[in-house]
Amino acid sequence: MKNDCPLTPAQLESFGDEMYAIHQRARAARGAEDVAYIRGVIRTQLRCEVGGRALLFASFVPGAWIAGTALLSLSKILENMEIGHNVMHGQYDFSGDPALSSRSYEWDSTCPSDQWRHSHNYLHHTFTNVSGVDHDLGYRVLRVDEAQPWRWHRVPQLAYAAGLAAVFQWGVAGHDVDMPKYVATPSAERDPLDVQRVREIKSKAWRQVRRDYLLFPLLAGPNALAVLAGNVVANLARNVWAAAVIYCGHFPEQAKTFAPETLEGEGRGHFYLRQLLGSANFDGPRWLHVLSGHLSHQIEHHLFPDVPAWRYPALSSEVCAVCEKYGLPYNTGSLSGQLLSALKRIARLSLPSRQEPALAPLGLHGS
Amino acid sequence: MDSLQPVIADPFVVSLRSALGRALGWLTYPRKPEELFAAFAPRQFGPVRAEVVALEPHFDGCATLVLETDRRFEEHRAGQFVALTLEVDGVRRTRCFSISSAPRGGRGPRHIELTIKSTARGAVTPRLVHPSIVGATVELSQPTGSFVLEDALPPRLLFVTGGSGITPVVSMLRSLDRKAIREGGPRAKVTLLHFARSEREALFLAELREMPWLELHLVTEEALGRAPSLDEASLAEVVSDFENTRTYACGPAPLLKAIEAAFAARGASHALTIERFQSSFEPGAGEGTGTVRFARSNKSSNDPRTLLVVAEAQGLQPKSGCRIGICGTCHCKKLSGATRDLRTGEVSTEANVDVALCSTVAIGDVSIDL
Ligand code: FES
C-alpha cells in the first residue's frame with residue numbers, strides 16, 4: 001500500500017536518531033543572534049504599521065493610499081507569519097523575554113492566540129496529516145484526502161478554497177471549534193468549552209474589527225472611506241497570502257496523509273518521518289521566505305517547530321542530506337508550482353475518487 | 001528626609017489619562033501602547049536602563065560596578081536592592097543586588113554602585129565582575145525592599161553582617177556618615193559587627209575605619225583560625241543589651257539563623273530586621289533527589305519522573321498536548337530550583353522561567369507555579 005513505511009525498522013531508528021541530532025544541535029545553537037533577528041523583524045513590522053496607517057490618513061496625496069495599503073499589508077503579513085506564528089511556537093521562549101513569550105503573545109488576527117496554540121501547535125503539529133484528527137487537512141471545508149468521504153457539495157470546492165483564502169483569518173478563528181456542528185446544535189446542548197471559545201472569538205474579533213474598520217476610519221474624518229478601504233485590502237492581502245502559503249505546506253500532490261492507526265505506538269523515527277512526508281517546501285528569494293514566516297520551509301518547520309524559523313534555510317541542507325541517504329523524498333518546488341499542485345489536488349478531490357482510499361498505517365514494515 | 005514626596009495628581013487628570021490610555025490601547029491592539037512607545041523611544045519608555053561606566057575590583061571575584069542609570073530611575077533608600085537584568089547569549093537573566101552607594105552619594109547625580117561577589121560557575125555574576133562588562137547596558141528594576149533605616153533614628157544601632165552581606169549596610173553607614181558630617185557629629189551610637197574570611201576580603205574596610213563615630217568589630221576566619229560562630233553570649237560581648245538595640249543583619253544563612261536565635265532567646269525578635277540573600281541556586285545532588293512543590297495547589301512530591309507526570313500523580317490537571325516536548329501546551333512557570341530539560345539535557349537554575357512540564361525533571365528541590 002502506498003503509505004507503507006519506506007524504511008526498515010533499523011533504518012527508521014537510525015533515521016530518527018539523525019533527525020534528532022540535527023534537532024538537538026539546532027536547539028543548542030539558539031542564542032543572541034535569534035533574539036536580535038526577531039527584534040529586528042518586530043521593529044520593521046511596527047515601522048511598517050505606523051507608516052502605513054499614517055500614509056492612509058494622508059491618502060488625499062496621490063500615491064499615498066497605495067503605499068499606505070502596501071505597508072499595512074506588509075505589516076500584517078510580517079506580524080502573522082514571521083512574528084506571531086513563530087513566537088507562539090515557543091521558538092524564542094529560551095530568551096525569557098516576556099515580549100517574545102509563546103504563552104502571552106497575542107497576534108493581529110481574529111483568532112484568539114490561546115485557541116491557535118491548541119488547534120495549531122498541539123493538534124496540527126502533533127497529528128500532522130493524520131486523517132480525521134488533523135483538521136488542517138481541509139479545515140473542515142475542503143476535501144484534500146481520499147479518505148474524506150465525497151459528497152455532492154464538494155463539487156465547487158475550488159471556489160470554496162478561493163473563498164476561504166479571502167476570509168482566511170476568520171476561518172482560522174473558527175478553527176478550534178467545529179463551527180458547522182456548533183451552529184447546528186441547539187444552544188442548550190452545546191459543549192460549554194465551545195461556548196466559552198466562541199465567546200473568546202467574538203471578543204477578539206470585535207477588538208480587531210473595532211480597530212481596523214471603525215476607529216481608524218473614524219479618526220481619519222473626511223478620509224474615512226479611504227482608510228476603511230485600505231484596511232479591508234490589507235486584511236484581504238494578508239488572508240490570501242497566508243492561505244496560499246498554508247495550502248502549499250500540506251496540500252501539494254506529493255504530501256502524504258496518514259491513517260489514524262499510524263499514531264499507535266509511534267516512535268521518534270516515525271514521528272519525524274510522518275512530518276517529513278506530510279509537508280512540502282517551496283523555494284524563492286530570501287524575502288519570500290521571510291514573508292512566508294519561513295513556512296516555505298514547512299518540512300523543517302514540522303521537524304523542528306521550536307527552532308527559530310529563520311534558521312530553517314540553513315538546516316535544510318542537513319535535512320536533505322539525511323533524506324537522500326535514506327532514499328526519502330524531499331518535496332520542494334517553486335511557489336507557483338506547489339500552489340498549482342495543491343489546487344489540482346483540491347480540484348481532483350472535488351469529484352469522487354476512482355479507487356477506495358489507499359490510506360494505510362505508516363507501518364513498521366517496508367513493502 | 002531622603003525620599004521625595006509623591007506628586008498628588010488631580011483625580012480628573014487621572015481619570016482622563018486612564019480613559020485616553022484605554023482608547024489608545026484600542027488603536028494599538030493587540031499590542032499595548034507602552035510596547036509601541038518602547039519600540040520607538042526606548043530611552044523614554046520600556047524598562048529602566050543603566051550603563052556600566054566603571055568596574056572597581058576589590059579582590060578576586062569581587063568588584064564594585066558603577067552604573068549610570070537613565071532618568072527614570074528613582075532615588076533609592078539606603079539598604080534597598082535592585083533587580084538587574086543582563087542578556088547573556090540572548091537569554092535574559094535577572095539577579096538582585098543591594099545598592100552599596102548612599103542615596104545621592106554616587107559619583108554623579110544618576111550613578112549608583114553595586115558591589116558584587118561572583119559565584120563560581122554562575123551564569124551572571126562572573127560576567128558582571130569581569131572587566132569586559134564596562135560599557136554594557138543592563139536593565140534595572142526600581143529600588144525595592146524594606147531593609148531600610150527608619151526615618152527617626154533610634155539612639156542605638158547595631159549592624160551584623162557577613163561577607164558581601166555588608167553591601168546594603170554600607171549604604172546605610174555611608175548615608176549616616178554624610179549626616180554625621182552635616183550635623184557635626186552622630187546622633188546615634190552605631191556598632192558594626194562584621195564577619196569576613198580575611199582582612200583582605202573585608203569589603204570597604206578602609207572606608208569604615210575612617211568613620212570616627214562607628215564602633216567597628218571585625219571578625220575574620222583568618223585571625224580566628226576557624227570558622228567564626230555567633231551566639232547569644234558572643235553577641236552580648238559586643239553589645240551587652242542587644243535586645244534593646246535596633247539591629248539590622250544581612251549575610252549568609254547560618255549567620256542569620258544564629259542571630260535570629262540570639263534575639264529570640266531574649267524575646268526581642270521585634271528589634272531585629274533581616275535581609276536574606278537571594279542565594280543563587282546551585283543544583284541539588286541529582287535528578288529525583290529533591291521535592292517538587294506545586295506552589296499554588298500546595299502539593300509536593302518526591303516522585304523523580306517528569307514534572308507533568310508528577311503533577312498528574314498529585315491529582316493536578318496541568319494542560320498538556322503532545323507530551324513529547326513539541327507543542328508547548330504544558331509550559332508552566334518554574335518559581336525556583338534547578339531542572340533538567342530532557343530534550344536538550346540543559347540544566348536551568350533560573351527562577352521564574354517557563355519550563356515544558358512534559359519533558360522536564362527536577363534536580364533537587366523545585367517549586368512550580370501550578
Ligand atoms: S505537552 Fe506538548 S510540549 Fe509538553
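Keep in mind it's a predicted model, so treat the numbers as computed, not measured.
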field: Which portion of B/Cys332 sits near chain A, non-hydrogen atoms under 4.5 angstrom
entry: backbone

- prompt: Taking C-beta and beyond as the side chain, do B/Leu308 and B/Pro318 meet within less than 4.5 Å on heavy atoms?
  reply: yes

- prompt: Taking C-beta and beyond as the side chain, do B/Leu24 and B/Leu36 meet within less than 4.5 Å on heavy atoms?
  reply: no

task: List the atom of A/Ala309, the atom of A/Gly293, and the distance in Å for their closest heavy-atom pair.
output: CB-O, 3.8 Å

query: Can you tell if the side chain of A/Phe57 reaches within under 4.5 Å of the side chain of A/Phe216, non-hydrogen atoms only?
result: yes

- prompt: What part of A/Phe271 lies closer than 4.5 angstrom to a heavy atom of chain B: side chain, backbone, both or neither?
  reply: side chain

Leading residue by heavy atom contact count with chain B [cutoff under 4.5 Å; candidates A/Leu46, A/Ile42, A/Val35]: A/Leu46

query: Looking at side-chain heavy atoms only, is the closest gap between B/Val134 and B/Val53 below 4.5 Å?
result: no

- prompt: What's the shortest heavy-atom distance between B/Ile368 and B/Val292, and which atoms?
  reply: CG1-CG1, 4.3 Å

Donor-acceptor pairs between chain A and chain B under 3.5 Å, which ones?
unit_1   : atom_1 : unit_2   : atom_2 : d
A/Tyr20  : OH     : B/Arg343 : O      : 3.2
A/Gln24  : NE2    : B/Arg343 : O      : 2.2
A/Ala32  : N      : B/Asp89  : O      : 3.3
A/Arg39  : NH1    : B/Glu87  : OE1    : 3.1
A/Arg39  : NH1    : B/Glu87  : OE2    : 3.3
A/Arg39  : NH2    : B/Glu87  : OE2    : 2.7
A/Gln45  : OE1    : B/Arg31  : NH2    : 2.8
A/Asp93  : OD2    : B/His331 : ND1    : 3.4
A/Ser95  : O      : B/Arg92  : N      : 2.7
A/Arg103 : NE     : B/Asp354 : OD2    : 2.9
A/Arg103 : NH2    : B/Asp354 : OD1    : 2.8
A/Tyr105 : OH     : B/Arg31  : NH2    : 3.0
A/Arg211 : NH1    : B/Tyr29  : O      : 2.5

message: Would you say that B/Val82 contacts B/Leu67 through its side chain, given a criterion of any heavy-atom pair below 4.5 Å between the two side chains?
response: no

query: Are any non-hydrogen side-chain atoms of A/Val209 and A/Leu214 less than 4.5 angstrom apart?
result: no

Chain B contact via A/Leu123 - which portion, at a heavy-atom distance below 4.5 Å: neither

